[in-house]
Protein chains: 2
Amino acid sequence: MTMSAQSLTQIKRNEAGNLFSGIEGCDSCPIRHRAVCSLCVGDELAALERIKFYRSFEPGQPIVWGGDRMDFVASVVSGVACLSQRLEDGRTQMVGLLLPSDFMGRPGRDVVAYDAVATTKVKLCCFRRQPFEEMIRKVPHLSQRLLEMTMDELDAAREWMLLLGRKTAREKIASFIAIIARRQAAIDAGPLNGRITLELPLTREAMADYLGLTLETVSRQINALKREGILELSGKRHVVLPEFARLLQEAGDDSDGGWIS
Amino acid sequence: MTMSAQSLTQIKRNEAGNLFSGIEGCDSCPIRHRAVCSLCVGDELAALERIKFYRSFEPGQPIVWGGDRMDFVASVVSGVACLSQRLEDGRTQMVGLLLPSDFMGRPGRDVVAYDAVATTKVKLCCFRRQPFEEMIRKVPHLSQRLLEMTMDELDAAREWMLLLGRKTAREKIASFIAIIARRQAAIDAGPLNGRITLELPLTREAMADYLGLTLETVSRQINALKREGILELSGKRHVVLPEFARLLQEAGDDSDGGWIS
DNA sequence: CGGTTGATTGAGTATTCTCAAGAGGAGTGG
DNA sequence: CCACTCCTCTTGAGAATACTCAATCAACCG
């Protein structure tokens, strides 16, 4: 099942029907300056290019299953993927939301710990695991950046734990929308005040799995916020926030609650 | 407030009344083979020794407050410390349980993100932050081990998220006791089946903050498990598990549920 | 022997879940 | 173009889990 880097000019398809090719360069890569490779230069980048290949996934398609062998690690180039953990009776908790530039997989471990599913069209920049692990050992620019990113993820996980353990359903929803707004603003480099428009990248069920709620509660709370004018809905996924600060107040966090503290 | 390494033969006290000294060597250190320094050898260890100092804390004493400046990072040598996050209205969620060999602090960040409190007598092996950060850059053995430990913590955080988001109060309690049993077994190198004895390192309130419950619910669930013979209590903190597998069944996890799968 | 802290227990409440029905949209095929 | 299906989402009613408030208990300490 090992997949070797492709150095062909044309695009091929693997067994699962995923597109992959090795022709794209790092120069024009949209996540070049934020991904695990962002500190790499010259030779280092060239070495990474030799062990990389791209794979794409359609919405709903599984990327890996927990327990499977995984022979690559990867950066999300575009799209959204979810990491989930499951109790045997089917209860599911999302434990990671992977957006562009986020890293997938754990160097030094060959078995996947969590299910990963594409929730939109996803493009991954994959690195063969063995040579990548070797580079981790030899290229400080790579291991430094990975350490930084892992610590960021740990911080995010801890924020998430506060949400799961202590926030009300209403606060969870408001917090989630705020998180999406922030991440979208970071990508688009847009401002984060006044009227904001965003697209929810998840179904109600996936949001429920993210927030530790049922999909019914998610639906009820979103519509409650809508009724109160804190958000406007067009369709099921498109959200407009007339006043971002009002949403933040509902999220229950300290910080930027609107007034100066 | 910068604290310099002590090279004195006698033990001193700082303003807070904490013991610290620089005389102890790494050779006899109880966490030498598991802490952040575990891969370091010879010169590397010597360099670490030059920037290290010990600090001790009494039960209940704060180690650092979220928002404070922090000029060191540290390994827990002995005792138990808790990392907590707080919502402005006082709701508290524990986000880290630091046992011996665990690492505290984030290289590259000078402001503390979470409150850290000693819950038992705690001894820290502290490293001055600036030189430690430099060593991270120059000593692969150090950054590799830190990366590994950070990834382990991320895995633990994600397991914890599953607990917070999806488990019932009863499962949370059972899971928590199982976690303590496992960590204690790992330290004592004891077996993990049949009759097991352990000490709860936290008060009911701290357990509640760990599990996203109220202290009353914690108390009720512990006593429910006691009534059903899944655990025995002597005093408030000392627990005996007559059959570890029965506890695991209550924890709701997959894996080793007693029967072979 | 009061005072304090941590833990237990009870009664009533509230938030969230469960189960169930139905609405709205997108895609398919006659 | 319409009926039909599938999927996601919404909404309602009742149930259950966990919370809140309050009283009591036990251990420890001055």
Side-chain angles (χ1 to χ4, degrees), chain A residues 58-61 82 87 89-93 117 119-120 163-177 199-228 231-239 250 252, chain B residues 58-61 82 87 89-93 117 119-120 163-177 199-228 231-239 250 252:
Chain A
E58 293 303 310
Q61 224 182 340
C82 295
L87 255 23
D89 63 0
R91 283 175 286 175
T92 300
Q93 175 64 53
V117 177
T119 63
T120 65
L163 178 150
L164 289 171
R166 293 304 187 191
K167 289 192 178 177
T168 64
R170 183 187 179 86
E171 290 169 333
K172 285 178 175 181
I173 296 291
S175 299
F176 173 72
I177 296 176
E199 211 65 33
L200 296 175
L202 304 180
T203 65
R204 300 290 186 263
E205 186 177 15
M207 283 193 258
D209 286 342
Y210 185 107
L211 299 170
L213 297 170
T214 58
L215 67 92
E216 293 96 329
T217 300
V218 170
S219 181
R220 277 186 250 270
Q221 294 297 337
I222 288 181
N223 286 293
L225 292 174
K226 175 182 166 190
R227 253 174 272 124
E228 297 170 36
L231 58 81
E232 294 158 23
L233 270 179
S234 22
K236 310 295 186 186
R237 302 287 197 91
H238 189 83
V239 175
E250 300 299 332
Chain B
E58 293 303 309
Q61 225 183 339
C82 296
L87 256 23
D89 61 2
R91 283 175 286 175
T92 300
Q93 175 64 53
V117 177
T119 63
T120 65
L163 177 150
L164 289 172
R166 292 305 187 191
K167 289 191 178 177
T168 64
R170 183 188 178 85
E171 290 169 333
K172 284 177 175 182
I173 296 290
S175 300
F176 173 72
I177 296 177
E199 212 64 34
L200 296 175
L202 303 181
T203 64
R204 302 290 186 262
E205 186 176 17
M207 283 194 257
D209 287 341
Y210 185 108
L211 299 169
L213 296 171
T214 58
L215 67 92
E216 293 97 328
T217 300
V218 170
S219 182
R220 279 186 249 270
Q221 294 297 336
I222 288 182
N223 286 293
L225 291 174
K226 175 182 167 189
R227 253 174 272 124
E228 296 170 37
L231 59 81
E232 295 157 22
L233 270 180
S234 24
K236 309 298 185 186
R237 301 287 198 91
H238 189 82
V239 175
E250 300 299 333

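Throughout, a chain's letter reflects where its sequence line sits, starting with A, and its residues are numbered from 1. All figures in this text were calculated on a predicted structure; none of them were measured in a lab.
For the OP1/OP2 pair of C:dA7 and a distance below 4.0 Å, the side-chain nitrogens and oxygens of B:Asn223 include no atom meeting the criterion. Residue B:Arg237 places at least one side-chain N or O under 4.0 Å from the OP1 or OP2 atom of C:dA7.
Between A:Gln221 atom CD and A:Lys172 atom NZ the span is 10.5 Å, to the nearest 0.5 Å. Atom-to-atom distance recorded for B:Arg220:CZ and B:Arg227:CZ is 10.0 Å, nearest 0.5 angstrom. Between B:Glu199 atom CD and B:Thr120 atom OG1 the span is 11.5 Å, to the nearest 0.5 Å. Summarising the geometry, atom CZ belonging to B:Arg91 is positioned 4.0 Å from atom CG belonging to B:Asp89; distances are rounded to the nearest 0.5 Å. Atom NZ of A:Lys236 is separated from atom CG of A:Leu200 by 12.5 Å, given to the nearest 0.5 angstrom.
Comparing A:Arg204 and B:Thr168 by the nucleotide of DNA chain D that holds the closest heavy atom to each, the one mapping nearer the 5' end is A:Arg204. Take the nearest nucleotide of DNA chain C for A:Lys167 and for B:Lys236: the residue whose nucleotide is more 5' is B:Lys236.
Minimum atom distance to the side chain of B:Leu233 is reached by C:dT8, of the listed D:dA18, C:dT8, C:dT16.
Taking atom CZ on A:Arg91 and atom C1' on C:dC17, their separation rounds to 12 Å, with Å as the unit. Between the P atom of C:dT8 and the CG atom of B:Leu200 lies a distance of 10 Å, rounded to the nearest Å. The separation between A:Lys172 atom NZ and C:dT16 atom P is 8 Å, rounded to whole Å. One atom, CD1 of B:Ile173, and another, C1' of D:dA18, lie 12 Å apart when rounded to the nearest Å. In this entry the distance linking NE2 of A:His238 with C1' of C:dG25 reads 17 Å, nearest Å. Counting to the nearest Å, the C1' atom of D:dC19 and the CZ atom of A:Arg166 are 11 Å from each other.
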Contacts table for residues 205-218 of chain A: side-chain donor-acceptor under 3.5 angstrom, sequence neighbours left out:
from, atom 1, to, atom 2, distance (Å)
A:Asp209, OD1, B:Arg166, NH2, 3.0
A:Thr214, OG1, A:Thr217, N, 3.3
A:Thr214, OG1, A:Thr217, OG1, 3.0

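Annotation for A:Pro201 and A:Arg237: closest pair C-NH1, 3.9 Å, computed over non-hydrogen atoms.
Proximity of residues 205-220 of chain B to DNA chain D (heavy atom under 4.0 angstrom from any strand atom) is restricted to B:Gly212, B:Leu213, B:Thr214, B:Glu216, B:Thr217, B:Arg220.
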